[in-house]
Protein chains: 2
Amino acid sequence: MLTISLASAVPIHDQLVAGLRGLIAAGKLAKDDELPPVRQLAADLGINLNTVARAYRELTDAGLLASVRGRGTVVIATVERPSGPKADERKRIEAGLAAAFNDAKIAGLPREVVEAIVNRQIARLWGEA
Amino acid sequence: MLTISLASAVPIHDQLVAGLRGLIAAGKLAKDDELPPVRQLAADLGINLNTVARAYRELTDAGLLASVRGRGTVVIATVERPSGPKADERKRIEAGLAAAFNDAKIAGLPREVVEAIVNRQIARLWGEA
DNA sequence: GACATTGTCGCAGAGTATGATACAAATACA
DNA sequence: TGTATTTGTATCATACTCTGCGACAATGTC
């Protein structure tokens, strides 16, 4: 369900955060789902438990997870938010998208490639329709 | 011609390398074109000359530039080496886009809003067509 | 109440990014 | 020729981040 690359330049905890966010965004991790204990996930991935704990904590700070000592970590955020994001959050999200597109442009990716990636991502998260 | 972000998480020299690669790939920097001295570019961007020197060196090692002490740095190739780190770069960019879309999905942005943002960004960077 | 399970904290080692400073090579000019 | 200027390079220091080891604290189980 989660794969990480120790050889990658991006930090392990960032890979974990991105992977877990992806699972939540795609609905594969729903509200009240329990996550594996830090020690177990760390053992499965062959990394240190602190690295997993750090990823859990970042997502907890982001309001997606809730960790309780002795009990475990569960998903508390549901993707559906009827009211939608607030103005400043919306601005933050738009800035993040703009930065990602800037990155692609700087690297010299052609328009068609970017459009293909975008289509794939939207289909993954919002459905094929 | 080159813009960098000191606030970004990606190292400055990586931003420089990516930007210069983009200029070369786009033909805005052609063979035998001279690059600004490390001190001048560093002053223009408000960074240390070593950071610029590092970017020049990486591109020199990649076979795109040639630096000579006392003379300057020039472009010597207009095509990337086929075996370059392009796959990694591409993967990194795709991960960045995926993370940004995850963020939007988790925040509850509807598909239409995201598509509108995407269209605006693509138009901004790759033209209206 | 004793033990196991689970998350959290403090510290250390390694690596990297950036910068300040000094050095070396090529050129310009008197 | 010889001195100053321009340019890239090397060295060292500082700060920061990542990752891991070990210990601690809270919750649940029996």
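When reading the values below, keep in mind they use all heavy atoms of this one structure, side chains included, and skip hydrogens, waters and symmetry mates. Quick note on labels: first sequence line is chain A, next is B, and so on, each numbered from 1.
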- prompt: Run the salt bridge (Lys or Arg N to Asp or Glu O under 4.0 Å) check on B/R120 and A/E94 step by step: do they pass?
  reply: CA-CA 11 Å; B/R120 183 147 29 94; A/E94 223 169 315; 2.9 Å; yes

- prompt: Should A/N119 and A/R124 be marked as a side chain to side chain donor-acceptor pair (under 3.5 Å) after you check the CA-CA gap, both sets of side-chain angles, and the distance that decides it?
  reply: CA-CA 8 Å; A/N119 289 335; A/R124 173 176 69 89; over 6 Å; no

Salt bridge (Lys or Arg N to Asp or Glu O under 4.0 Å) between A/R92 and B/D103, worked out: CA-CA 10 Å; A/R92 200 204 77 226; B/D103 212 19; 2.6 Å; yes

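The base of D/dG8 has none of its N or O atoms less than 3.5 Å from a complementary donor or acceptor on the side chain of B/R71. You won't find any donor-acceptor pair under 3.5 Å spanning the side chain of B/N50 and the base of C/dA17, going by distance alone.
Rounded to whole Å, atom C1' of C/dT5 lies 16 Å from atom CG of A/L41. Atom pair B/H13:NE2 and C/dT18:P shows a separation of 6 Å (rounding to whole Å applied). For the pair B/E34 CD and C/dA26 P, the computed distance is 16 Å after rounding to whole Å. Atom CZ in A/R69 sits about 6 Å away from atom P in C/dC9, given to the nearest Å. Distance CG (B/L49) to C1' (D/dT6): 13 Å, rounded to an integer number of Å. Rounded to an integer number of Å, the gap from CG of B/D61 to C1' of D/dT9 is 13 Å. Atoms CD (A/Q15) and P (D/dT17) sit 19 Å apart, rounded to a whole Å. Atom-to-atom, CG of A/N48 to C1' of C/dG10 comes out at 14 Å; the value is rounded to the nearest Å.
Put simply, B/R54 has no side-chain N or O that comes within less than 4.0 Å of OP1 or OP2 on C/dG19. Remark: A/R57 is in phosphate contact with C/dC9, judged by side-chain N or O atoms under 4.0 Å from OP1 or OP2. Residue B/T51 places no side-chain N or O under 4.0 Å from the OP1 or OP2 atom of C/dA17. Not one side-chain nitrogen or oxygen of B/S67 sits closer than 4.0 Å to the OP1 or OP2 atom of D/dT7.
Of the residues A/V10, A/T3, A/T51, the one that meets the side-chain contact (heavy atoms from CB on, under 4.5 Å) test with A/Q15 is A/V10.
Within residues 2-11 of chain A, the residues that have a heavy atom under 4.0 Å from DNA chain D are, in order of number, A/P11.
Shown here is A/E34, whose CD atom has no more than 12 heavy atoms of other residues, nucleotides or ligands within 6.0 Å.
For the atom pair NE2 (B/H13) and CD1 (B/I47), the distance works out to 11.0 Å, reported to the nearest 0.5 Å.
When all heavy atoms are compared, the tightest approach of A/A66 to A/I76 is CB-CG2, 3.4 Å.
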